[in-house]
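Read the structure below first, then the notes.
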Amino acid sequence: ISTSAFSMNIVGDTIIDSRGNSIEKKEYKKIIVLDPAVVESFYLIGGEKNIEAIAETARSPIWPVEKTKVLPKAGTLTKPSIEHVLSFTPDLVILNSMSEGFGDILKARNLKFIVNEGTSFNEILENLDSYGVLTGNESKAKSIKKEYENKLENIKEEISKKPLNIKGAFLFSTSPMMVFTEKSLPGQIFETLGIENIGSNLPGGRPILSPEYLISQNPDILVGSMAIKNKEDILNSNPFVKETKAGKNKNVLILDSTKILRGTPRVIDALLDLHKELSNVK
């Protein structure tokens, strides 16, 4: 897993994202945040006062729910509304990879924007520096970053004393059975927990597991998230699942994607709980 790249890089007086979009390095007072991960991170560093509006996320609430549910909305995560965005007269719009195409519409209207991404713990923590600048909360952002860096090191140390040493797959969907590779946040979670990812080194961003490959790899555990809502969906997705160790022992787990797949420091909080939950898997 590459840990050298990060989504937002502060270079001199500019902040540049991984797509090459750049904005002036300064505080922005009216930010439309169309990435739930950034909304959560802004609250962590005390930067919520700069949020003008967020994206509607019907099925996955944004932490802290009591506060974010009352924020104004500017369309949905995948379909932002340019009319709504313009009505808020923002000085910055933050997109995520699901809505980055919206950047062309913003550019045509001379609206400043940047695309957020966080596919590794390092990227997630590095991005806090930029969020601190954007919200005028640099010192709080640095202290939160340091706190989570220490927490991550402590968790890794704790896990190293009792590595799981099991083999598994982190499923994106069941039909077809698509998995996350090592170059993803779920992939890094598996690596940190000491789970051998059977999706590693397969071609594509979210490769499909063939029944033959699933049987040959014989995973100890299958973890589902995103649109997968219950264990039975995984166990009944194809007859070969029940032939694996995971299927025979019903070592199937459904994770709340808002806790484990959203690129915020809170994913680090979930690691230790996950390690405890999986430590009985044989």
Side-chain angles (χ1 to χ4, degrees), residues 1-5 60 97-98 117-124 152 155-156 158-263 267-268 270-282:
I1 293 168
S2 167
T3 53
S4 58
S60 52
S97 55
M98 291 171 74
E117 193 171 35
T119 56
S120 73
F121 300 137
N122 190 62
E123 277 184 21
I124 290 166
L152 182 58
I155 288 170
K156 285 180 175 177
E158 194 67 31
I159 290 170
S160 70
K161 292 174 191 169
K162 194 186 174 187
L164 295 175
N165 294 327
I166 55 175
K167 188 192 284 193
F170 205 124
L171 308 181
F172 173 78
S173 63
T174 56
S175 184
M177 187 172 276
M178 296 170 75
V179 295
F180 290 98
T181 68
E182 76 280 13
K183 295 182 180 131
S184 66
L185 191 51
Q188 186 162 22
I189 289 164
F190 262 26
E191 182 186 306
T192 306
L193 293 172
I195 301 173
E196 183 188 335
N197 185 358
I198 70 169
S200 291
N201 304 315
L202 291 176
R206 290 187 187 126
I208 295 173
L209 288 191
S210 68
E212 297 78 16
Y213 186 76
L214 185 65
I215 290 293
S216 72
Q217 292 296 305
N218 196 18
D220 300 291
I221 186 161
L222 294 170
V223 177
S225 200
M226 304 299 286
I228 307 170
K229 297 303 175 194
N230 63 69
K231 298 178 181 184
E232 297 306 313
D233 288 350
I234 296 175
L235 289 167
N236 300 325
S237 56
N238 73 58
F240 295 95
V241 170
K242 290 178 179 172
E243 298 301 312
T244 65
K245 284 184 198 167
K248 286 174 184 170
N249 299 320
K250 292 193 164 50
N251 283 330
V252 175
L253 189 66
I254 303 296
L255 294 181
D256 178 354
S257 56
T258 65
K259 281 186 186 169
I260 210 79
L261 296 183
R262 201 166 272 169
V267 77
I268 294 167
L271 268 178
L272 213 48
D273 293 337
L274 193 51
H275 181 256
K276 284 175 189 157
E277 198 168 346
L278 297 179
S279 57
N280 296 322
V281 173
K282 301 295 177 210

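Just so it is clear, the model here is predicted, and its values are computed rather than measured.
Under a 3.5 Å cut-off, the side chain of Asn230 and the backbone N or O of Glu232 do form a donor-acceptor pair. Using modelled atom types, no side-chain atom of Gln217 and backbone atom of Tyr213 make a donor-acceptor pair closer than 3.5 Å. Panel note: side chain Asp273, backbone Lys276; no donor-acceptor pair is recorded below 3.5 Å. Distance alone, capped at 3.5 Å, is enough to place a donor-acceptor pair between the Ser225 side chain and the Leu255 backbone. Not a single donor-acceptor pair under 3.5 Å links the side chain of Asp220 to the backbone N or O of Gly168. Put simply, the side chain of Asn197 never gets that close to the backbone of Pro186: no donor and acceptor are under 3.5 Å apart.
Ring-plane geometry between Phe190 and Phe170 is classed as tilted, the angle between the planes lying from 30 to 60 degrees on a 0 to 90 degree scale.
Taking OG1 of Thr119 as the reference point, atom CD of Gln188 lies at 8.0 Å (rounded to 0.5 Å). Here the CD1-CD1 distance, from Ile195 to Ile221, works out to 6.0 Å after rounding to the nearest 0.5 Å. Residue Lys248 holds its NZ atom at 13.0 Å from NZ of Lys242, rounded to the nearest 0.5 Å. The CD1 atom of Ile189 sits 10.0 Å away from the CD1 atom of Ile268 when rounded to the nearest 0.5 Å. Separating the CD1 atom in Ile215 from the OG1 atom in Thr244 is a distance of 6.5 Å, to the nearest 0.5 Å. For the atom pair CD1 (Ile208) and OG (Ser173), the distance works out to 7.5 Å, reported to the nearest 0.5 Å.
When all heavy atoms are compared, the tightest approach of Val223 to Ile234 is C-CD1, 4.4 Å. Of all heavy-atom pairs between Lys162 and His275, the closest is O-NE2, 3.0 Å. Of all heavy-atom pairs spanning Asn218 and Lys245, the tightest one is OD1-N, 2.8 Å. The nearest pair of heavy atoms linking Ile254 to Lys229 is CG2-O, 4.0 Å. Of all the heavy atoms in Ile198 and Leu214, the pair that sits closest is CD1-CD1, 4.3 Å. Gly118 approaches Leu185 most closely through the heavy-atom pair O-CD2, 4.3 Å.
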Could you walk me through whether Leu171 and Met177 pass the side chain to side chain contact (heavy atoms under 4.5 Å, CB included) check? CA-CA 7 Å; Leu171 308 181; Met177 187 172 276; 3.8 Å; yes
Please step through side chain to side chain contact (heavy atoms under 4.5 Å, CB included) for the pair Leu209 and Leu202, ending with a clear verdict. CA-CA 9 Å; Leu209 288 191; Leu202 291 176; 3.7 Å; yes
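Exactly one residue among Leu272, Ile159, Ile166 makes a side chain to side chain contact (heavy atoms under 4.5 Å, CB included) with Leu193. That residue is Ile159.
In this structure, the side chains of Val267 and Phe121 come closer than 4.5 Å at one or more pairs of heavy atoms. Looking at Lys156 and Thr192, their side chains come closer than 4.5 Å, going by heavy atoms from C-beta outward. Using a 4.5 Å heavy-atom cutoff, the side chains of Leu253 and Leu274 are in contact. The closest side-chain heavy-atom distance from Leu152 to Leu271 is below 4.5 Å.
Donor-acceptor pairing under 3.5 Å is recorded for the side chains of Thr258 and Asp256.
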